[in-house]
Amino acid sequence: METNSLSKRLLLFLVAVQFGCDLISCSVTYDGKAIAINGRRRILLAGAIHYPRSTPEMWEDIIMKAKEGGLDVIETYVFWNVHEPSPGNYNFEGRYNLVRFLKTVQKAGLYAHLRIGPYVCAEWNFGGFPVWLKYVPGISFRTDNEPFKRAMKGFTEKIVNMMKYEKLFESQGGPIILSQIENEYGALDKKFGAAGYNYMTWAAEMAVGLRTGVPWTMCKQDDAPDPIINTCNGFYCDAFKPNKAYKPTMWTEAWTGWFTEFGGAVHKRPVQDLAFAVARFIQRGGSYVNYYMYHGGTNFGRSAGGPFITTSYDYDAPLDEYGLTREPKYGHLKELHKAIKKCEPALVPGDPTVLSLGTHQQAYVYHSKFGHCAAFLSNYDTANATRVLFNKMHHTLPPWSISILPDCNNIVFNTAKIGVQSTRMTMLPTNSQLFSWQIYSEDLTTSDEDSAFTTFGLVDQVNVTRDASDYLWYTTSVNIGPSESFLHGGEYAEILVQSTGHALHVYINGQLSGSAFGTRENRRIRYKNNIKLRSGMNQIALLSVAMGLSNIGGHYESWETGVLGPVILYGLDHGKRDLTHAKWSYKVGMKGEAKDVVSTNGMSSVEWVQGSLIAQKSQPLTWHRAYFNEPNGNEPLALDMHSMGKGQVWVNGQSLGRYWTAYATGDCRRCHYNVNYRPTKCQAGCGRPTQRWYHVPRSWLKPTGNMLVLFEELGGDPTRISLTKRSMTSVCADMFESHSNTTDWHTESNGKTQVIRRPKIHLQCGPGLLISKIKFASYGTPTGGCGTFQKGTCHAPTSYGVVNKRCIGKERCAVTISNSNFGQDPCPNKLKRLTVEAVCAPNSRD
Ligand code: GAL
């Protein structure tokens with residue numbers, strides 16, 4: 001029911017007072033239905049784009065694509081550790097230029113949701129906290145602890161003041177309509193008892209006290225105190241209700257896919273299911289949806305959280321890692337957004353009437369007093385399509401789908417029927433060769449002045465490195481008597497090393513003896529292997545490698561990393577020798593790091609050797625350097641690193657991130673949209689390297705002589721690294737014939753609704769590309785997906801001819817899906833589809 005306008009205004013006033021703003025400056029308010037901007041309730045569609053995960057040169061394009069995709073709001077976390085690398089030293093430059101990012105959002109005419117955190121989780125190193133924070137005396141993270149609260153308040157205030165200074169809050173005429181404090185604290189809050197609750201309420205009060213003039217949110221915080229809005233995160237949020245009737249129902253993280261870990265498969269989320277989840281949330285009264293992620297981007301440098309989060313944070317998002325539209329995900333959601341926006345006038349005034357249309361079918365019908373009517377017809381049956389009767393008309397609803405009727409009569413969108421094309425993106429070779437390969441091998445001899453310190457026993461890695469490097473050497477010496485029998489043809493000596501992760505390389509007398517790796521689920525490593533010792537002094541050097549610090553878990557700041565032991569030698573004549581408490585020396589990082597061999601001005605600091613002089617390319621712990629010119633064109637670029645092992649890679653001194661050719665294990669056999677989604681239900685890339693390509697932003701390049709440096713831990717063949725460009729190679733369309741005589745398909749032209757009884761497929765190659773070939777065409781019952789289509793038992797023989805005629809040589813084409821267009825019905829009484837894959841090639845006339 002619609003709230004009468006007097007009580008509505010009173011409510012807005014009360015909410016405004018609670019935010020700590022007066023009515024004049026408080027332009028963003030809320031009530032039980034929605035966020036209201038300047039008094040107007042809105043259904044808001046938002047998307048997460050994290051500014052450090054792309055380059056400033058990419059921001060405008062990504063944000064404009066988000067706008068084009070039908071979004072109103074851009075959401076980002078604020079990443080404390082990039083902004084305050086050491087206490088009191090701030091960095092808001094380049095990729096960390098938050099103000100520039102928000103002004104780009106504003107320029108695009110969009111709003112922003114600033115999730116300050118400052119705990120962000122986000123698969124980001126240390127969950128966004130600076131590592132130095134862990135060493136503030138007496139600190140304990142995210143609980144009722146004075147040093148922590150002081151630091152958290154300091155950073156939150158710093159950001160809020162910066163935003164105010166730049167007039168970025170909506171109350172000041174800026175784009176920020178919402179801010180978030182903390183992140184998914186609910187579960188910890190319960191675990192930490194009173195200290196958790198006190199901290200959470202303190203955080204809420206602290207935030208509100210900053211008087212931003214816009215509402216604050218807390219996600220996954222059922223008991224968020226007023227006036228903070230508690231919100232939902234998840235794959236589905238339709239069952240969620242905020243903790244007070246006067247708060248709107250908001251979904252701050254609608255997961256569009258999932259993150260990837262090295263050694264794991266890549267997770268995909270079918271767009272039909274994502275659209276279904278969003279439509280289901282809106283039909284039940286939700287008024288704010290934020291896609292997490294809308295553009296995932298790249299974990300450049302050592303920003304990936306962890307351990308083992310890949311450098312790519314693609315997330316199967318509507319915009320891919322490189323900022324290109326991912327079709328059909330992007331286009332299908334865009335159609336969904338259009339349909340939702342058409343319903344907005346009917347949605348925002350009040351509550352729906354819910355009608356049952358069958359066992360698993362419902363209609364949600366919204367009316368406004370101005371005569372608007374919108375309906376959502378849903379079929380929750382995961383297996384069967386169903387014909388329902390609504391408003392005197394029959395409609396067929398595919399399984400696990402929702403149809404949207406913005407006028408209660410015509411279906412303009414169904415979540416399971418994809419009307420837009422899919423595109424196939426391929427990493428193609430470029431005209432750019434890597435040349436002048438050179439090598440610099442890490443020198444493994446250590447002298448005392450190289451070592452940070454020497455002590456008895458094994459210590460936590462991060463305590464020593466302070467995360468200045470991924471690498472820490474643990475080195476000790478062992479004296480072996482000349483009479484040991486393993487020296488005289490007896491058994492081998494063996495070493496056992498236990499580490500809390502994340503990766504370990506064992507060196508005996510300067511030679512690699514072996515390596516071991518943890519996993520994200522079990523970071524512990526147990527390395528046991530035969531080793532070659534000699535009579536006299538032997539050096540045992542353990543290289544422990546961190547692969548991103550934990551970003552989630554109760555008090556993860558106290559978790560230790562590195563070789564904590566035991567370290568034991570076996571096979572000696574007197575049994576075992578425990579080295580755990582021996583004298584160990586510690587050295588942080590690689591020599592190449594200390595000598596800054598990656599930077600363009602650190603060039604002469606070490607002796608590089610010409611690659612051609614090196615017979616063995618695959619030595620471990622080796623730096624490689626080469627040069628390349630920028631490839632033509634404007635397609636995004638990536639390095640193909642499949643010939644390498646594990647390490648880090650830089651271009652012109654900028655770190656592209658960690659690479660690792662770990663092969664993906666998982667079950668990639670099935671992927672159906674019509675299931676209750678979990679990331680394991682739809683995986684790709686099994687048996688292949690989890691991540692093969694590493695994004696090289698074009699803006700980091702100059703026309704000629706770009707310097708590539710990589711540090712390889714294991715060995716590999718750098719001469720097989722190549723620079724590739726991400727290109728659209730084919731487009732696919734796949735659509736059912738209209739299977740009811742109701743008016744299923746619509747377009748709008750000149751503002752009028754035009755009913756099209758026969759659906760069409762539309763194909764379009766990218767700018768400068770034409771359809772050069774029809775790789776597959778079938779009107780009938782084809783199977784498979786884009787790139788793997790196959791004829792089914794029913795196939796119209798005219799399929800290729802009809803599609804060829806309409807499409808070859810064109811930049812775009814449309815083909816009607818009807819029996820008459822294909823000569824005759826190839827299989828009467830069967831539901832048919834038209835499926836096409838068309839190859840795109842450069843327009844030779846250009
Ligand atoms: C959420 C968290 C996000 C991100 C996501 C997984 O629980 O709030 O920051 O970590 O999980 O990608």
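We count ligands from 1, going down the list as the structure has it; atoms in each ligand are counted the same way.
The protein atom (non-hydrogen) at minimum distance from atom 2 (C) of ligand 1 is Glu253 OE1, 3.4 Å. Atom 10 (O) of ligand 1 has its closest protein heavy atom at Glu123 OE2, 2.6 Å. Glu184 OE1, 2.4 Å is the protein heavy atom nearest to atom 7 (O) of ligand 1.
Contact atoms of ligand 1 toward Val120: 9 (O) (distance under 4.0 Å to a heavy atom of the residue). Applying the 4.0 Å criterion to heavy atoms of Tyr315 picks out, from ligand 1, the atoms 6 (C), 12 (O). Of all atoms in ligand 1, numbered sequentially from 1 with element shown, those under 4.0 Å from a heavy atom of Trp258 are 6 (C). Atoms of ligand 1 lying under 4.0 Å from any heavy atom of Asn183, numbered from 1 in the order shown and given with element: 2 (C), 8 (O).
With ring centers used as reference points, Phe129 lies under 6.0 Å from Phe148. In this structure, Phe240 has its ring center no closer than 6.0 Å to that of Phe281.
Residue Tyr292 places a heavy atom less than 4.0 Å from ligand 1. Residue contacts with ligand 1 include Tyr313, since one of its heavy atoms falls under 4.0 Å from the ligand.
Salt bridge Asp467/Arg302: present, at least one basic N to carboxylate O contact under 4.0 Å. For the pair Lys65 and Glu60, the salt-bridge criterion is not met [side-chain N within less than 4.0 Å of a carboxylate O]. The pair Glu84-Lys158 does not meet the salt-bridge criterion, since no charged nitrogen lies less than 4.0 angstrom from a carboxylate oxygen.
Neither the backbone nor the side chain of Asn551 comes within contact range of ligand 1; no heavy atom lies under 4.0 Å. When non-hydrogen atoms are compared, ligand 1 lies under 4.0 Å from neither the backbone nor the side chain of Lys220.
Residue Ile228 comes nearest to Thr217 through the heavy atom pair CG2-C, 3.7 Å, listed as atom of the first residue, atom of the second, then distance.
Partners of Asp320 under the salt bridge (charged side-chain N to carboxylate O under 4.0 Å, His left out) rule, at least two apart in sequence or in another chain, are Arg726.
Ligand 1 has no nitrogen or oxygen under 3.5 angstrom from a nitrogen or oxygen of Cys121.
Within the structure, salt bridge (charged side-chain N to carboxylate O under 4.0 Å, His left out) contacts touching residues 672-690 (residues at least two apart or in different chains) do not occur.
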